[in-house]
Amino acid sequence: MTEYQLPKAYDFKSTEPRIYEMWEKGGYFQPSNDPRQPGFDPAKKPFVISIPPPNVTGELHLGHPLFVSMEDLMIRYHRMKGEPTLWVPGTDHAGIATQLQVEKDLLRTEETTREELGREKFLERAWAWKAKYHSIITQQIRRMGASCDWSRERFTLDEGLSRAVREAFVRLYEKGLIYRGPRLVNWSPGLKTAVSDLEVEYSEEPGKLYYFKYMLSASETEYIPVATTRPETILGDTAVAVHPKDKRYKKFIGKNVIVPILGREIPVIADEYVDREFGTGALKITPGHDPNDYDIGQRHGLPILSMLDREAKVTEVGGPYAGLDRFACREKLWADMQAAGLVIKEEQYSINVPRSQRGGEIVEPMISEQWFVKIEPLAKAALEAVRDRSIKIVPERFEKVYYNWLENIRDWCISRQLWWGHRIPVWYCADCGGKTCARTDPLLCAHCGGKNIQQDPDVLDTWFSSGLWPFSTLGWPEETPDLKYFYPTTLMETGYDILFFWVARMIMLGLEFTGQAPFETVYLHGLVRDEHGRKMSKSYGNVIDPLVVMDEYGTDALRFTLLVGSTPGQDMNISEKKVEANRNFANKIWNAGRFVISAIASLGDRGPQTVDRTTTVHGQPSTVNWTLADSWIWARLQQLVRDVERLFQAYQFGEAGRQIYEFFWSDFADWYVEAAKLQMQKEETKAQTVETLARVLDICLRLLHPFTPFVTEELWGHLRNATCHSSLATLAQDWPEALIVAAWPEPREPEGWEAGKTADFALVQEIVRSIRNLRAEKKVSPAKRISAAVVGGAKTDLLGEQAAVIAALAGLDPAQFAVHKSLVTKPEDAVALVVGPVEVHVPLSGMVDADEERTRLEKELSSLQVQIERLEKLLASDFANKAPAAVVQKERERLASFQETAEKLKAQLS
RNA sequence: GGGCGCAUAGCUCAGUUGGUUAGAGCGUCUCUCUUACACAGAGAAGGUCAGGGGUUCGAGUCCCUUUGCGCCCACCA
């Protein structure tokens, strides 16, 4: 018995690392059916998740433990169900994000820039950065309990994945789905790279609408009034557009106007795009710096002027303003126009400012040479895959969002003017100008055979490589055994915020390159916010560091909080308070477990005779000696197993967790364990009680394991050990060596006896509660054993059997507690409690005030009358005919019970 | 301009085929260190489920609508 002296409080700090090491060393994270191992069976269907690869930027936030917990939950669940289960881990090089971090670090430590350092040296630094933060982030993922197969870990820039990226690019290129050309793209002047449409975020900000005059070239006085939010772009104007039917400006169409300050003449054109109602009804056209203007320019064959360079400084196009920063230019030009009498007015105006998702600076639309993927054919296939249910999105409403985006998609700009990433596999020939795109680095130009070739300096958008992730990590383009067996994967779990960035692209590229949807289901989780629903940000100071939380409360507490606090696709608010509450739950599990384990140990290995095993109920040995509490907890547990299974199938993990919590704490720990203490005092019920405790705990630990893997594994080890060394040893004969691979509890259909036992125990609970309630009201010391007389009526036999339980749980003196079928004379000086068909008389000499009693009973009676009237009315209405018989029957029974109670109360009153 | 989500106890949230008197955690109040757990136990207070209308025998749950908050998409100068 002494060997099971477990510590009073669950010590996660010493447990977690030990348990994780045991799992990892034990090889439990590898699939049970593995193409790399002998005895592999290709016919078994595996369950596969590829991890959303965390960035190697070094930033850890609550999104990480959230997705790790979700995925680990599903992986553990399927593993316990006996399916070959694979979770592929890895990390993402995260082009812009990481490069920025390295540049920042460079500036801080050496006060130098990447340009000064040069490409090679800079990349060395980036790889060193990667090495450091890769090991940190994977360590953190381990800390979260992730049961992923580390032997299959990948990195988006590793050799294999680089080959996959190269292959993908070349295939698209050869198919004509990749092109290069000057286009208007979003340019980030600080980062000095193009970014895709998705990487631009718009924010409403106060700004100004500037009204000014576009003077007619043929006139000294006539002008077209024009409004703009970016006056500096006047320098790049190549036309002024008006609506063809606009009476005000019709006469100017075809004439020329003069660009302020610069004096260039540009035409007035007519285009239906112009909104006559907005501003002045005349629109300045800057095809080089505005996407709409670009389109209009294309329609009218207008020249394109680039008046800003890569750093957003004015080019020579801007004449006297050349060299000025874009905002300085705005001010100076406007002042000069004011002096020239060209200004009409300024108005306060709210503008939608495009900002870079990374740097936060204002993005400029600019013309530049970039690589693009012709996305339409890919998008079409991706749309079809979801429409025909090859891929299911959970929650379903995101399917609409997905359709909407893909239906209006524009070509994907995949080149970035960065160094950290996959270099574009295209070489330009200085001799013939031809482009050579190749799987392996070419030595000669494919067109003229010249040696004078140079590789494109740009790299690919990070999302190009992560788009290949589900198959590139399994070995694609090689037909590896892993790829054959594990692809397509089963599930993609990630945040809804990267549905377009990542999920849609994986689907498009997966279909394109493998001909198969890369996964069957997409499960989208919400974002983690602070306790008041605010986004976590450093400037708010409301950021919760997962590491600090895990240090303070343990991994299980954090995992349970994240898992139980979330509903699919819905953002969740988290606070330390919640984690603390779940730390308490882990401790509850620990202590209930501790109790059960010491009970098992107390049996000894030859202990009391074990129960009769001739018949079974739901796999548990059934005996005529089963107590009501035994039957009840078993029935409740089976119900729980069924509910959890149903909820898991529906991806309702949070609800499943809450139900297990509720069962464990309320039903098992608060009621059954208390009843068990009594049952264990009697030799004839001791063995079966301990066995029930052991069985229920065992199943609870299995159900909880995907949520709180550490405490359950640790406790289960003790449970298994204690059981094996007790008279219950046969119970544990099929148990494996670790909970992580123990069988998931199988739901079974009820056998028919459950409802009756549940109702009977509910009556016992009601009686106990009402007595406890009375004690609290009358301030009877918890230590004081009081007496009571129960009038059981039809329930007399049941209550007679349960007398000891009721007495123990309600703090009654068993010697002064009796159950009678009826009582001729009611006890004197006693409070009468009416619980359904049962009366409980509790003598409390000196504490009972007759008037008080009367008032209490009257109050109870009147609220009961209200219920009775309501039910009588209900049963007299259409309800009786139209509602299902079972529902009506239930209400009838309720009414009868209320009426019975009311009668008893009336009798008490008189 | 389109689309979506949310509104339930003081706070944070559950409540998914519509069916008892709507639940939990935290917080509050009262008792208790009862031999698993004070990271606990027992009890209590606290809600016209945002407003209005509809469908139904029956609505927190389905439909319509109003209001407030949030998010996503979109080229209105």
Side-chain angles (χ1 to χ4, degrees), chain A residues 6 8-10 202 209 226-230 233 241 273-275 277-286 290-296 349 351-352 365 395 397-398 400-401 404-405 408 496-497 499-500 526-527 531-533 553 557 561 564-565 567 569-575 577-578 580-599 647 650 652 654-655 658-659 661-662 665-666 669-670 673-674 677 769 772-777 779-783 810-811 863 866-867 870-871 874 877-884 886-888 890-891 893-894:
Chain A
L6 304 174
K8 244 176 122 161
Y10 168 54
Y202 290 85
L209 196 51
V226 174
T228 180
T229 53
R230 295 188 297 158
T233 60
Y273 170 80
V274 179
D275 179 356
E277 308 298 313
F278 191 88
T280 65
L283 180 60
K284 62 188 269 315
I285 305 298
T286 324
D290 184 281
N292 296 313
D293 294 6
Y294 180 81
D295 291 345
I296 295 171
Y349 190 69
I351 41 179
N352 216 7
R397 66 187 144 89
F398 283 101
K400 209 169 160 181
V401 182
N404 190 45
W405 186 70
N408 300 298
Y496 65 74
D497 54 327
L499 178 61
F500 306 142
L527 275 30
E531 59 187 312
H532 297 293
Y553 303 106
T561 305
V564 156
T567 312
Q570 216 64 47
D571 290 354
M572 66 168 305
N573 299 355
I574 192 173
S575 68
K577 282 267 178 226
K578 289 186 191 177
E580 190 185 349
N582 289 318
R583 186 268 320 258
N584 295 354
F585 179 50
N587 193 238
K588 191 73 186 180
I589 299 170
W590 178 255
N591 274 291
R594 211 157 65 93
F595 172 78
V596 174
I597 288 161
S598 71
L647 290 165
Q652 302 285 321
E655 184 59 19
R658 284 185 285 273
Q659 294 207 11
Y661 177 103
E662 174 75 14
W665 203 314
S666 307
D670 287 346
V673 166
E674 291 309 314
K677 284 176 186 172
R769 281 201 195 99
R772 283 174 177 171
N773 189 332
L774 177 72
R775 296 178 62 119
E777 248 174 51
K779 304 237 189 299
V780 179
S781 155
S863 76
V866 172
Q867 288 300 321
R870 194 184 63 82
L871 282 174
L874 179 69
S877 72
D878 263 3
F879 171 78
N881 317 322
K882 297 201 177 171
V887 176
V888 177
K890 226 171 168 181
E891 296 303 321
E893 280 166 16
R894 271 186 70 217

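Below, chains carry the letters A, B, ... as their sequence lines are ordered, and counting in each starts from 1.
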Nearest-Å distance once atom P is located in both B:C11 and B:G54: 31 Å

Most 5' of A:Ile574 and A:Ser781 on RNA chain B, judged by nearest nucleotide: A:Ile574

A:Asn582 versus A:Ala557, closest heavy-atom pair with distance: CB-O, 3.7 Å

Distance below 4.0 Å between A:Asn584 side-chain N/O and B:A40 OP1 or OP2: yes

Heavy-atom check, side chain of A:Asn591 versus side chain of A:Phe595, under 4.5 Å: no

Atom of A:Tyr553, atom of A:Arg583 and distance for their closest heavy-atom approach: O-CG, 3.4 Å

By side chain to side chain contact (heavy atoms under 4.5 Å, CB included) - contacts of A:Ser666 (at least two apart): A:Glu662

Which residues share a side-chain hydrogen bond (donor to acceptor under 3.5 Å, both in side chains) with A:Thr286, sequence neighbours left out: A:Asp237, A:Lys284

Any residue meeting ring-ring contact (aromatic ring centres under 6.0 Å, His included) with A:Phe398, in chain and number order, not counting sequence neighbours: A:Tyr496

Pairwise P distance, B:C69 and B:G53 [rounded to whole Å]: 24 Å

Sugar-phosphate only, base, or nothing, as touched by A:Phe500 at under 4.0 Å among non-hydrogen atoms: sugar-phosphate

Interatomic distance where OH belongs to A:Tyr661 and C1' belongs to B:G23 [whole Å]: 13 Å

Pairwise C1' distance for B:U61 and B:A14, with rounding to whole Å: 13 Å

Separation of the C1' atoms in B:U20 and B:G5, to the nearest angstrom: 32 Å

Given A:Ile296, A:Asp275, A:Asp290, A:Val226, the one that forms side chain to side chain contact (heavy atoms under 4.5 Å, CB included) with A:Leu283: A:Ile296

Partners meeting side chain to side chain contact (heavy atoms under 4.5 Å, CB included) with A:Val564 (sequence neighbours left out): A:Phe560, A:Arg658

Six-ring centre of A:Tyr661, A:Lys588 cation under 6.0 angstrom, axis tolerance 45°: no

Review item, nucleotides 75-77 of chain B N/O atoms under 3.5 Å of protein N/O:
unit_1 : atom_1 : unit_2   : atom_2 : d
B:C75  : O2'    : A:Asn292 : ND2    : 2.2
B:C75  : N1     : A:Asn292 : OD1    : 2.8
B:C75  : O2     : A:Tyr273 : OH     : 3.1
B:C75  : O2     : A:Asn292 : OD1    : 2.6
B:C76  : N3     : A:Asp275 : OD2    : 3.2
B:A77  : OP2    : A:Tyr349 : OH     : 3.0
B:A77  : O2'    : A:Ala227 : O      : 2.8
B:A77  : N6     : A:Asp275 : O      : 2.4
B:A77  : N6     : A:Phe278 : O      : 3.2
B:A77  : N1     : A:Asp275 : N      : 3.1

A:Arg775 side chain vs A:Gly811 backbone, donor-acceptor pair below 3.5 Å: yes

Check ion pair A:Lys890-A:Glu893 (N to O, under 4.0 angstrom): no

Set out, line by line, the N/O atom pairs under 3.5 Å between protein and nucleotides 5-8 of chain B.
unit_1 : atom_1 : unit_2   : atom_2 : d
B:G5   : O2'    : A:Gln570 : NE2    : 2.6

Separation of the P atoms in B:A77 and B:G15, to the nearest angstrom: 40 Å

Side-chain (A:Arg594) to main-chain (A:Leu6) donor-acceptor, under 3.5 angstrom: yes

C1' spacing across the pair B:G47 / B:U56, given as an integer number of angstrom: 25 Å

Spacing of the P atoms in B:U17 and B:G25 (rounded, Å): 23 Å

Hey, what are the protein-to-nucleotides 35-38 of chain B N/O distances that come in under 3.5 Å?
unit_1 : atom_1 : unit_2   : atom_2 : d
B:A36  : OP1    : A:Lys677 : NZ     : 3.0
B:A36  : O3'    : A:Arg594 : NH2    : 3.3
B:A36  : O2'    : A:Asn591 : OD1    : 2.6
B:A36  : O2'    : A:Arg594 : NE     : 3.3
B:A36  : O2'    : A:Arg594 : NH2    : 2.5
B:A36  : N7     : A:Lys677 : NZ     : 3.3
B:A36  : N6     : A:Ala669 : O      : 3.0
B:A36  : N6     : A:Glu674 : OE2    : 3.4
B:A36  : N3     : A:Asn591 : O      : 3.2
B:A36  : N3     : A:Ala592 : N      : 3.2
B:C37  : O4'    : A:Asn591 : OD1    : 3.0
B:C37  : O4'    : A:Asn591 : ND2    : 3.4
B:C37  : O2'    : A:Asn587 : OD1    : 3.2
B:C37  : O2     : A:Lys588 : NZ     : 2.9
B:C37  : N3     : A:Lys588 : NZ     : 2.8

Under 3.5 Å, N/O pairs linking protein and nucleotides 57-61 of chain B:
unit_1 : atom_1 : unit_2   : atom_2 : d
B:C57  : OP1    : A:Lys882 : NZ     : 2.6

Partners passing side chain to side chain contact (heavy atoms under 4.5 Å, CB included) against A:Pro291 (at least two apart in sequence or in another chain): A:Leu184, A:Pro365

Provide a list of protein-nucleic acid N or O atom pairs under 3.5 angstrom, restricted to nucleotides 44-49 of chain B.
unit_1 : atom_1 : unit_2   : atom_2 : d
B:A44  : OP1    : A:Asn773 : ND2    : 3.1

Non-neighbouring partners of A:Phe500 that pass ring-ring contact (aromatic ring centres under 6.0 Å, His included), sequence neighbours left out: A:Trp405

Sugar-phosphate only, base, or nothing, as touched by A:Arg894 at under 4.0 Å among non-hydrogen atoms: base

C1' spacing across the pair B:A22 / B:A59, given as an integer number of angstrom: 12 Å

N or O in side chain of A:Ser575 less than 4.0 angstrom from B:C11 OP1/OP2: no

A:Asn404 side-chain N/O to A:Lys400 backbone N/O, donor-acceptor pair under 3.5 Å: no

Separation of atom CD in A:Glu580 from atom C1' in B:G27, rounded to whole Å: 12 Å

RNA chain B stem ranges, 3 or more consecutive Watson-Crick or G-U pairs under 3.5 angstrom: B:1-7 with B:67-73, B:10-13 with B:23-26, B:28-32 with B:40-44, B:50-54 with B:62-66

